[in-house]
Each structure stands twice: as structure tokens, then as C-alpha cells.
Amino acid sequence: MELRASFTPDYNNMTHTTSQSSVSSLPYAATGFYNDIVLDYVSGDEKLRPFYQHPVSWEGVDAAMKARALAPVNRKVLVEALEQQYKSAGLNGDAAVDSAIQLLAQPTTYTICAAHQPNIFTGYLYFIYKILHAIRLAESLRDRYPTSSFVPVFYMGSEDADLDELGKINLGGEKLVWNTNQKGAVGRMQTKGLEPLLQRIEGQLSVLPYGPQLMELLRTAYLGSKDIQTATFHLVHELFRQYGLVVLIADQPDLKRIMQPVFEDDLFNQTASAIVTDTVSRLTTSYKVQANPRSINLFYLKDDIRNRIERTENGFAVVDTGIEFTVAEMKNELEQFPERFSPNVILRGLYQETILPNIAFIGGGGELAYWLELKELFQHYKVPYPVQVLRNSFLLVPENLAAKIDRMGFTLPDFFQPTDELMNQLVKRDSSVQVHLSSELRDSQAFYQHLQNLAGKIDTTLVPHVQALEKQMLHRLKELEKKMLRAEKRKFSDQSRQLQAIRNILFPNNALQERVENFLPYYAQHGPAFIDKIYSESPPLEQAFRIVKYEL
């Protein structure tokens with residue numbers, strides 16, 4: 001069964017629509033799930049303007065292209081690294097992807113990049129959303145600039161060592177955790193121990209129309225690969241190769257060598273720390289920062305370790321290991337083995353933009369927040385700062401659930417409110433007795449205003465006393481209103497359970513669906529049509545939250 005929309009959305013003139021339409025949009029500010037820095041960015045607040053280079057607009061993209069054209073990257077090394085990566089994984093030979101890689105050798109080719117760590121089985125729904133956003137923007141740019149080429153790239157953050165975050169998924173309300181004792185970069189971990197998780201996934205999904213096909217893909221990717229980064233590479237390639245998506249695993253010696261001067265500067269001069277600390281000090285006057293720089297923003301990456309490097313009295317030490325280097329030894333280590341140095345969050349974006357001819361980066365709210373700390377760092381190293389595009393977000397709603405919401409007299413956007421607020425609205429609307437005291441509160445305020453006027457004519461010192469009486473009375477009336485509402489709510493217990501059940505489906509764990517659920521059940525039910533649907537409903541640059549209804 002296919003997902004469908006009843007109309008083709010106009011991405012240049014998106015408006016809020018009712019639950020009768022299959023696709024609607026909502027301002028991010030109306031969702032209640034985004035922090036101030038994200039909301040101010042998408043609204044163009046002037047407080048943030050000094051912290052990024054280009055606005056999210058076609059004019060901004062055009063400016064980013066011009067800046068990138070003046071700062072060429074080493075395309076030969078990039079193309080050779082990608083060719084070797086695909087050949088080693090046995091994934092070369094796909095016409096669309098191979099053509100995209102060859103285009104990267106041309107000076108008029110630019111990339112649109114999304115990045116993420118190799119969460120097992122992709123982790124969360126937004127993993128899929130950000131990749132499809134990059135693909136859609138690249139396609140739109142091809143139409144807009146026919147003399148240039150645009151390649152969507154998925155940059156895999158395979159060097160991340162946070163297994164607690166990357167080693168689990170939520171499926172059908174159950175958290176599935178990969179139990180392994182491996183340490184270091186998750187991308188380099190062997191895939192052993194994933195068989196039990198695959199069996200549990202198969203038990204839930206194999207009965208769905210595309211379940212067997214999906215399980216074959218997962219088993220091939222994870223049980224047929226030596227490590228997690230290769231498995232993720234296989235999975236992402238198979239899901240998106242028809243769109244010409246290029247997957248880049250940047251954990252490669254030749255690519256790291258391009259970044260060697262920056263790594264050396266960070267180790268011996270701590271330049272990045274000084275620059276970003278200054279930016280952070282200005283940003284924190286209005287916002288909570290996402291990431292703080294360290295003196296050295298590099299990890300040492302070897303075998304099963306990815307640990308921080310710290311400066312010591314005699315040279316350098318790798319934290320929580322016995323590994324130490326003198327100054328001369330560290331210089332030699334960097335020269336001989338640049339792949340053993342892994343950038344942290346402060347330098348990772350700079351590495352990405354140094355090796356890719358990139359003009360736009362698709363990221364979530366957290367990524368946007370820390371990229372806003374980095375503009376001066378890019379300027380120092382003369383690397384073009386890309387357009388920062390907040391990735392598209394979606395709420396996926398089964399049509400039968402949307403119909404139920406409509407029958408209850410609510411719209412889908414209403415459910416972004418807490419359940420208690422929804423219940424208050426329902427009771428006030430449907431109760432056969434009066435449960436709100438709005439008119440009484442207005443009458444009381446008018447009454448006390450009259451008393452103030454009378455008292456003031458007699459003695460102005462009596463006015464504060466009347467004001468105090470008014471405050472006490474209004475407080476008691478509001479408390480009475482709450483008690484009346486609670487008492488009447490008990491008569492609506494069935495509706496309360498329905499509202500809570502619906503909201504739990506739409507916002508599991510009281511969070512955005514895309515930050516809890518995985519794509520597997522949707523793909524098992526709808527197959528490639530799920531990917532195609534999100535792709536078709538992904539606006540290139542329009543910054544709004546999307547609500548998509550679909551058939552079961």
C-alpha cells in the first residue's frame with residue numbers, strides 16, 4: 001500500500017491547512033519543541049546575523065556558490081578516496097552513484113551535505129529526513145543552475161564513540177540495545193552480536209508487506225559487513241542510490257592528510273580554542289551554547305580507542321591511556337599517521353568543508369546551534385562557510401487516526417499542545433454546565449476598579465488595600481475555576497483516555513516522533529514508497545514543520 005497526498009504542495013507558498021488535507025505545515029514556533037536559537041535563526045532575528053555567513057534563501061545559496069568557486073578543494077584526492085571506498089565495499093557499478101562521483105572531479109560541481117553518526121539501523125526517523133532534504137535541495141539546484149552540477153552527500157560521522165547513543169533503536173515502543181563490550185569509534189566496531197537484534201526485528205516486521213525484503217537488506221548490510229561503518233554504508237547506499245546520493249566515510253588517510261595543517265595548528269598552538277571561545281562568549285549573552293571548545297580539539301584514534309589528546313609538561317598524553325608523546329614524537333606521528341587524529345565537534349565541520357566542495361549543510365537544531373559558533377574559525381582558515389539549512393521535520397499520521405481526531409472536533413496542530421490543555425478545551429466546549437468563570441472574573445475586576453475609584457476619592461492610602469483585596473479574590477476565583485474544571489473532567493474519562501492515547505502515538509515519550517521512532521516499521525509496511533513520499537514532500541528551503549497523513 002502506498003503513501004499518498006491529495007495535492008501537490010506549493011513549496012514557494014506554503015500555508016497552514018486543516019486536517020482535511022493530506023499535507024499541511026506549521027511554523028516551528030507553534031510546535032513547542034524548538035529552542036530559542038533555532039526559532040530566532042529561522043525567523044531571521046538580527047541577534048544571530050553576525051554568527052552565520054549566508055541566509056537560507058536562493059540568494060544565500062548563490063552567494064555560497066560564488067564563495068566556494070574561489071576556494072577550490074582537492075577534487076582528485078576526494079574522487080579517488082570515494083572510488084576506493086565504493087570498490088572496497090563492493091558497491092561500485094551503480095550508474096547514478098558512479099556518475100555523481102565522477103561529477104565531483106569537475107570544478108563546476110558542488111555538494112549539498114547532510115551528516116550523521118552510524119546509528120545502528122539508522123537510529124531515528126530524522127536520519128532519513130535529513131538525507132532526503134539534501135537530495136531534494138540538490139535536485140532543485142540542478143533545475144535552477146543548469147550549467148553547474150550538484151551532488152547530495154551523506155557524510156558519515158563514523159568516528160563517534162558514543163555507543164550509548166548509537167547502539168540502540170526504538171521499535172514498536174520497545175528499546176532494542178546492542179550489547180557489546182567493544183570500545184572506541186563506533187564505525188570501526190565489528191558487527192558481531194547484532195544477530196539477536198535482527199531476530200527481534202524480524203519477529204515484528206516479517207509479517208508486513210515489505211518485511212521480508214527489508215530483513216534481507218538488513219542481514220546483508222550488517223551480517224555481511226566487517227564493521228558498523230561499512231554496514232551503514234551498505235544500508236544507506238541501497239536506500240538512496242536511485243537518487244545519486246554519495247556516501248562519504250571521511251575516516252581515510254588521504255583525506256585526513258589534507259587537514260594535517262589544521263590538526264598541527266590545533267595541537268601546537270590551540271588556535272581553534274581561542275577563536276571559538278571568543279565567539280561563544282558573544283553567543284552566550286543571548287543563548288545557551290551547544291558545544292564548548294577544548295584546548296586541543298582532537299582525539300587519538302587507534303585500534304579500539306578514541307580518546308582526547310591533552311598537552312602535558314613533557315609533550316602530549318592520550319587521556320585514560322598510557323600513551324604519551326614528546327613534542328617531536330607528536331609531530332612525527334601526525335606526519336606519518338594523520339588518520340590517527342580525529343576532530344571533535346569543533347573541528348569536524350571544518351574538516352567536512354575542507355574536503356568537500358560544499359555550499360549547503362543540512363542539520364538539525366543541535367547541529368545548527370554548534371555551527372553558529374564556527375563562522376570565525378572558518379574565516380581564519382579561509383574555508384567557505386556553507387548555508388546552514390535546518391533539516392525538514394515531519395509528523396507522520398495514519399489517516400484513520402487523523403479521521404478520529406477530526407471526529408473529536410480537533411485538528412492535528414491542536415495535538416502539539418499538552419494533553420491537559422486539550423482536555424480543558426474539550427470540557428469547556430462540550431460540557432453541559434459552565435466550567436469557566438471568564439465573565440465572573442471580568443465582573444470582579446470591574447467591581448474592584450469601582451471600589452478603587454470610591455476609596456481613592458476618600459483617601460488615596462486606601463487604594464492599595466482595595467488592590468490587595470482584588471488580588472486575593474481573583475486568586476480564589478481562579479482556584480475555584482480549576483476545581484470546577486477538574487470535577488467536570490471526571491465525567492469525560494473516556495475522552496481523556498482517547499486524547500492521551502492519540503497524543504502518545506503522535507508524540508511518544510512526549511517528544512517529537514522523529515526523535516524516538518525508527519524508519520523500519522514504515523518501510524516494512526510501504527517499502528520504497530515511504531522513501532519516495534518523504535522525498536516528494538521535502539521542501540528545499542522552506543523552513544516549516546510538515547504534517548503528512550498516510551494510508552495504512
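In this chain, residues are counted from 1 in sequence order.
A donor-acceptor contact closer than 3.5 angstrom is absent between the side chains of Gln204 and Arg200. Side-chain contact of Glu517 with Tyr522: a donor-acceptor pair under 3.5 Å is present, judged by distance alone. No donor-acceptor contact under 3.5 angstrom links the side chains of Asn358 and Tyr155, judged on distance only.
Ring geometry for Phe378 versus Tyr385: interplanar angle over 60°, hence perpendicular rather than tilted (30 to 60°). Taking the six-membered ring where the residue is Trp, Tyr28 and Tyr34 present perpendicular rings, their angle passing 60° and hence far from 30°. Ring geometry for Tyr243 against Phe240 counts as tilted: the plane angle lies between 30° and 60°, on a 0 to 90° scale.
When every heavy atom of Glu551 is checked against every heavy atom of Glu399, the shortest pair comes out as CG-OE1, 3.6 Å. The heavy-atom pair separating Leu125 from Phe519 by the smallest distance is CD2-CA, 3.7 Å. Residues Gly244 and Val151 share a closest heavy-atom pair of O-CG1, 4.5 Å. Scanning all heavy atoms of the two residues, the minimum distance from Leu208 to Pro521 falls at CD1-O, 4.1 Å. Nearest heavy atoms, Gln513 versus Tyr129: OE1-OH, 4.5 Å.
Residues satisfying the side chain to side chain donor-acceptor pair (under 3.5 Å) test with Glu514, not counting sequence neighbours, are Arg391, Ser393. Residues passing the salt bridge (Lys or Arg N to Asp or Glu O under 4.0 Å) test with Asp304, sequence neighbours excluded: none. Partners of Asp227 under the side chain to side chain donor-acceptor pair (under 3.5 Å) rule, at least two apart in sequence or in another chain, are Thr230. Under the rule for a side chain to side chain donor-acceptor pair (under 3.5 Å), the partners of Glu80 that lie at least two apart in sequence or sit in another chain are Lys76. When the side-chain contact (heavy atoms from CB on, under 4.5 Å) test is applied to Asn504, the partners found at least two apart in sequence or on another chain are Gln500. In terms of the side-chain contact (heavy atoms from CB on, under 4.5 Å) criterion, residue partners of Ser295 (sequence neighbours excluded) are, by chain and number, Gln270. For the side chain to side chain donor-acceptor pair (under 3.5 Å) test, no residue two or more places apart in sequence or in another chain qualifies with Asp98. Under the salt bridge (Lys or Arg N to Asp or Glu O under 4.0 Å) criterion, Glu165 pairs with Lys168, sequence neighbours left out.
Within the structure, the salt bridge (charged side-chain N to carboxylate O under 4.0 Å, His left out) test picks out no pair touching residues 208-217 (sequence neighbours left out). For residues 88-115, the ring pair (Phe, Tyr, Trp, His ring centres under 6.0 Å) pairs, not counting sequence neighbours, are Tyr110-Phe150. For residues 114-132, the set of pairs meeting the salt bridge (charged side-chain N to carboxylate O under 4.0 Å, His left out) definition, not counting sequence neighbours, comprises Lys130-Glu367.
Residues Val77 and Ile355 have side chains not in contact (no heavy-atom distance under 4.5 Å, counting atoms from C-beta outward). Between Leu166 and Ile228 there is no side-chain heavy-atom pair separated by less than 4.5 Å. Residues Arg75 and Thr109 are in side-chain contact: their nearest non-hydrogen atoms beyond the backbone lie under 4.5 Å apart. Under the 4.5 Å side-chain criterion, counting only non-hydrogen atoms from C-beta, Glu329 is not in contact with Glu324. Within the 4.5 Å cutoff, no side-chain heavy atoms of Phe416 are placed close to those of Leu506. Looking only at side-chain heavy atoms (C-beta outward), Leu412 and Ser24 stay at 4.5 Å or farther from each other. Looking at Met189 and Leu163, their side chains come closer than 4.5 Å, going by heavy atoms from C-beta outward. At least one side-chain heavy atom of Met259 sits under 4.5 Å from a side-chain heavy atom of Leu350.
Under the 3.5 Å distance criterion, the side-chain polar atoms of Asn332 are left unmatched by any main-chain donor or acceptor of Glu335. Looking at His116, its side chain never comes within 3.5 Å of a backbone N or O of Met156 through a donor-acceptor pair. For the pair Gln182 (side chain) and Gln190 (backbone), a donor-acceptor distance under 3.5 Å is present. Counting only distance, with no hydrogens or angles, the side chain of Gln106 and the backbone of Leu104 share no donor-acceptor pair below 3.5 Å. Checking side-chain atoms of Arg503 against main-chain N and O of Phe415 turns up a donor-acceptor pair under 3.5 Å. Not a single donor-acceptor pair under 3.5 Å links the side chain of Ser158 to the backbone N or O of Ile249. Side chain of Glu373 to backbone of Ala291: a donor-acceptor contact under 3.5 angstrom is found. For the pair Ser225 (side chain) and Ala221 (backbone), a donor-acceptor distance under 3.5 Å is present. Judged by distance alone, with hydrogens and angles left aside, the side-chain atoms of Gln85 form a donor-acceptor pair with the main-chain N or O of Val247 at under 3.5 Å.
Between Glu139 and Arg136, at least one side-chain nitrogen of the basic residue sits less than 4.0 Å from a carboxylate oxygen of the acidic one, meeting the salt-bridge criterion. Using a 4.0 Å cut-off between charged nitrogen and carboxylate oxygen, Glu537 and Lys533 count as a salt-bridge pair. For Asp251 and Lys256, the salt-bridge test passes: some basic side-chain N is under 4.0 Å from an acidic carboxylate O.
Note that CG of Leu520 is 10.0 Å distant from CZ of Phe530, once rounded to the nearest 0.5 Å. Taking CG of Asn307 as the start and OH of Tyr300 as the end, the distance is 11.0 Å to the nearest 0.5 Å. With values rounded to the nearest 0.5 angstrom, Arg219 atom CZ is found 11.0 Å from Leu214 atom CG. Atom CG in Leu390 sits 6.0 Å away from atom CG in Leu368 (nearest 0.5 Å). From Ile502, atom CD1 reaches atom CD1 of Ile405 across 5.0 Å, with rounding to the nearest 0.5 Å. Between the NZ atom in Lys302 and the OG1 atom in Thr321 there is a gap of 10.5 Å [rounded to 0.5 Å].
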Q: For Tyr41 and Tyr52, run ring pair (Phe, Tyr, Trp, His ring centres under 6.0 Å): C-alpha distance rounded to whole Å, both residues' side-chain angles, the deciding distance at 0.1 Å, then the answer.
A: CA-CA 10 Å; Tyr41 183 76; Tyr52 60 91; 5.0 Å; yes

Q: Evaluate side chain to side chain contact (heavy atoms under 4.5 Å, CB included) for Leu239 paired with Leu217, printing each intermediate quantity in order.
A: CA-CA 9 Å; Leu239 290 175; Leu217 170 58; 4.1 Å; yes

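Centroid-to-centroid, the aromatic rings of Phe545 and Phe33 stay 6.0 Å apart or farther. Annotation: Trp178 is not in aromatic contact with Phe121 [ring centroid separation under 6.0 Å not met]. Tyr550 has its ring centre no less than 6.0 Å from the ring centre of Phe394.
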Could you pull out all donor-acceptor pairs under 3.5 Å where a side-chain atom in residues 336-345 meets a protein atom, sequence neighbours excluded?
from, atom 1, to, atom 2, distance (Å)
Arg340, NH1, Glu333, OE2, 2.7
Ser342, OG, Glu159, OE1, 2.3
Ser342, OG, Arg306, NE, 2.9
Ser342, OG, Arg306, NH2, 3.1
Asn344, OD1, Ile346, N, 3.0
Asn344, ND2, Asn297, OD1, 3.0

